[in-house]
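Below is one structure, written out as structure tokens, with a few remarks after it.
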Amino acid sequence: MLIPSGQPVIVGSGLAGLLCALSLLPRPCTLVTAGTLGEHTSSAWAQGGIAAVMGQGDSIEAHVADTIAAGDGLCDSDAVRRIVGAGPEVVRLLDRLGVRFDRAPDGTLALGLEAAHSHRRIVHAEGDSTGAVIVRVLAERVRAEPAITVLDRTRLLSIETDGAVRAAHLQRDGRRFRVPTAGVVLATGGVGGLFDDTTNPLGSIGSGLAAASRAGAVLGDLEFVQFHPTALAAGPGGGPPLPLISEAVRGEGATLIDETGARFTEELAPRDVVSRAVWHHLALGHAVFLDARQALGDRFAARFPGIDRICRANGIDPARMPIPIRPAAHYHMGGIVVDADGRSSVPGLLACGEAACTGLHGANRLASNSLLEAASGAVAVAKILAPEPDAAGTVSEGGAAVAAAPLAVPVRTIMTRAAGVLRDEDGLAAAVRVLAPEALRDDTALVGFLIALSALDRRESRGGHFRTDHPEPAPDAVRHRLTLRDVLDRVGSEPERAAS
Ligand SMILES: Cc1cc2nc3c(=O)[nH]c(=O)nc-3n(C[C@H](O)[C@H](O)[C@H](O)COP(=O)(O)OP(=O)(O)OC[C@H]3O[C@@H](n4cnc5c(N)ncnc54)[C@H](O)[C@@H]3O)c2cc1C
């Protein structure tokens, strides 16, 4: 495979990466992705859809207000207005690219309603398969474009800078390559894979955040991780990733019960409130189930065919049996801090999708705003990526990949205990202490360390971040920003990158 140099390198083939590459056309780019195109992406697993103001009676102002209410005091109102305002155009763009959204009999878009949205505005495709449809359509288009060089089964290791981006360091088929470029776009998704229980693909470990941080970029809002309360407590092989049992099942009247059959929480409370109640009940030694027997019974399969299939594949008939559930890390509100065009603080380094921190979500994401953010961010980034006449140089091979030494600490266990649904000073301080030495050489330890440190520093409870020792919000809502240099100064170490 010939790897071109001197053209933008986009990392990730979820909605953000695919749409960014397509929006750049006819300008060429290299699209790097860890799996095959579109594989192992949260995008392909999105069930609900894209939030966009498309219906009568709805308004941009109403969507803005709902988003800001969910964000619990930390949204950037300019970003909210810009991204929410782009919603209708995002839907039209995807439609032009060939995504067939579901329509009502009169030909208008069929719009779903989700928790905390004041209007029906969730655009979806093939029912609960929206993400799969989008990724399939965009991936087909990308494959057909000679201007897009796809490097699949290829990992970004690090980004070389000298004040600005100079090259991307990649690993493919056990070989390492230095690819000269003046523009790297990180569309590497979320961080759920850092926790024992997650709904994300297990490769969602924040490796883009680690690369950006080592390149000197400012990261922000890292402590805000959204946990979904009802992931199926069994997955393929019984472990993560855990399939999602949509909120809509509770919306239809299903209840949360324990092994005695007793209810213990208000099922339709906000997502973070329900997650805490379930987490707490599990911690008390109970088993927790979602019980749809009374509310849906034999109607379950017709109303939720996808979820019915998932349950049955795990030996559960949801019409007759309570569904075992537990909370799982689902979405990361924080990421690489970017401006309206997706620029990070490092010239030539851009980000879009879940890896970016635009200010749209604040302390908590409003359901279905993330596909919207991924698409609008991808288009914005593509507008400013310039041709690279000066970045030309030859791709050089850096020799065989060297296997990293095993980590001395179990990052996922540490993150689950310390930075999960319920957090406190002692647990977070201990996590920071044990992750710090490993953070210098390992990406998962680095991102875990930065999340734990941010959570330790936020001595209040807000949005997706709950501190049992500081259960109330502080009077002032403040967003936290950090660079690796600040952090290392604080822990008294020198930056180094053993892996690159
Ligand atoms: C089960 C589930 C359901 C969801 N439902 C919805 C919904 O209905 N509506 C909504 O708005 N949001 C939903 N979300 C959230 C939404 O899907 C994601 O936020 C969004 O798809 C992120 O898109 P992305 O392109 O940024 O990242 P992803 O789609 O996760 O893609 C990341 C890409 O980066 C690649 N990658 C990562 N690291 C590297 C590396 N080092 N080198 C090379 N490649 C790398 C991965 O292989 C992948 O191709 C859901 C999420 C999940 C998990």
Side-chain angles (χ1 to χ4, degrees), residues 14-15 35 38-50 102 112-115 122 124-136 189-190 192-193 195-204 226-259 267-268 271 274-275 278-279 282 287-331 367-368 370-371:
L15 171 57
E39 186 193 32
H40 304 316
T41 64
S42 287
S43 299
W45 294 359
Q47 298 173 344
I50 305 181
D102 297 334
L113 180 64
E114 283 188 348
I122 315 302
H124 47 86
E126 293 181 16
D128 57 7
S129 303
T130 311
V133 173
I134 292 174
V135 168
R136 188 178 69 224
F195 295 82
D196 279 338
D197 293 326
T198 182
T199 62
N200 293 186
L202 294 186
S204 296
Q226 186 175 82
F227 292 84
H228 198 289
T230 56
L232 181 65
L242 304 181
L244 195 66
I245 309 289
S246 158
E247 250 140 22
V249 180
R250 274 173 286 141
E252 293 286 339
T255 53
L256 286 165
I257 58 170
D258 63 20
E259 72 286 355
E267 286 81 4
L268 295 178
R271 195 176 272 187
V274 181
S275 287
V278 174
W279 185 278
L282 288 169
V288 177
F289 303 87
L290 184 63
D291 185 2
R293 289 174 297 180
Q294 278 239 303
L296 285 151
D298 287 334
R299 291 190 298 117
F300 195 101
R303 175 69 183 84
F304 297 109
I307 298 171
D308 185 68
R309 265 194 306 279
I310 291 168
C311 287
R312 285 175 188 276
N314 285 280
I316 298 150
D317 171 1
R320 319 240 170 284
M321 299 156 75
I323 308 165
I325 56 97
R326 57 179 187 250
H330 184 55
Y331 185 80
S368 289
S370 32
L371 290 178

So, taking the atom named [atom1] in [X] and the one named [atom2] in [Y], what distance separates them when rounded to the nearest 0.5 Å?
| X | Y | atom1 | atom2 | value |
| --- | --- | --- | --- | --- |
| C311 | L232 | SG | CG | 5.5 Å |
| H228 | I325 | NE2 | CD1 | 10.0 Å |
| I307 | D128 | CD1 | CG | 6.5 Å |
| I245 | I310 | CD1 | CD1 | 6.0 Å |
| R326 | W279 | CZ | CH2 | 10.0 Å |
| T230 | L256 | OG1 | CG | 7.5 Å |

Do [X] and [Y] have side chains that get closer than 4.5 Å, going by heavy atoms?
| X | Y | result |
| --- | --- | --- |
| P243 | W45 | no |
| F304 | E252 | yes |
| P318 | D308 | yes |

Partner set under salt bridge (charged side-chain N to carboxylate O under 4.0 Å, His left out) for E259, not counting sequence neighbours =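 Partners of E259 under the salt bridge (charged side-chain N to carboxylate O under 4.0 Å, His left out) test: none.
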
Any residue meeting side chain to side chain donor-acceptor pair (under 3.5 Å) with [X], in chain and number order, not counting sequence neighbours:
| X | result |
| --- | --- |
| S370 | R365 |
| H40 | none |
| N200 | none |
| E267 | R263 |

Are the ring centres of F227 and F195 closer than 6.0 Å?
->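 Yes, the ring centres sit under 6.0 Å apart.
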
Can D298 and R320 be counted as an ion pair, charged N to O under 4.0 angstrom?
->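 A salt bridge is present here (some side-chain N lies under 4.0 Å from a carboxylate O).
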
Is the closest basic N to carboxylate O distance between E126 and R136 below 4.0 Å?
->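 Salt bridge between E126 and R136, a charged N being under 4.0 Å from a carboxylate O: yes.
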
So among V133, I50, D102, which one has a side chain to side chain contact (heavy atoms under 4.5 Å, CB included) with H124?
->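 The side chain to side chain contact (heavy atoms under 4.5 Å, CB included) with H124 is passed solely by D102 among V133, I50, D102.
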
Answer yes or no: is there a donor N or O on one side and an acceptor on the other, between the side chain of [X] and the main chain of [Y], under 3.5 Å?
| X | Y | value |
| --- | --- | --- |
| T130 | A46 | no |
| S368 | G49 | yes |
| T41 | A44 | yes |
| S204 | G193 | no |
| S43 | L15 | yes |

What closest approach, in Å, do [X] and [Y] show between heavy atoms, and which atom pair accounts for it?
| X | Y | answer |
| --- | --- | --- |
| Q47 | S246 | OE1-CB, 4.0 Å |
| E247 | A115 | OE1-CB, 4.3 Å |
| P322 | I257 | CB-CD1, 4.3 Å |
| A328 | A231 | CB-CB, 3.7 Å |

Could you walk me through whether F289 and D258 pass side-chain contact (heavy atoms from CB on, under 4.5 Å), step by step?
-> CA-CA 6 Å; F289 303 87; D258 63 20; 5.8 Å; no

Using distance alone, with no hydrogens and no angle criterion, decide if T199 and H330 have a side-chain donor and acceptor under 3.5 Å apart.
->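 Yes, a side-chain donor-acceptor pair sits under 3.5 Å.
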
side-chain contact (heavy atoms from CB on, under 4.5 Å) evaluation trace for R303 with V249 = CA-CA 9 Å; R303 175 69 183 84; V249 180; over 6 Å; no

side-chain contact (heavy atoms from CB on, under 4.5 Å) evaluation trace for R271 with Q226 = CA-CA 8 Å; R271 195 176 272 187; Q226 186 175 82; 2.8 Å; yes

Could you pull out every donor-acceptor pair under 3.5 Å between side chains of residues 290-297 and any protein atom, sequence neighbours left out?
from: D291; atom 1: OD1; to: R293; atom 2: N; distance (Å): 3.0
from: D291; atom 1: OD1; to: R293; atom 2: NE; distance (Å): 2.9
from: D291; atom 1: OD2; to: R293; atom 2: NH2; distance (Å): 3.1

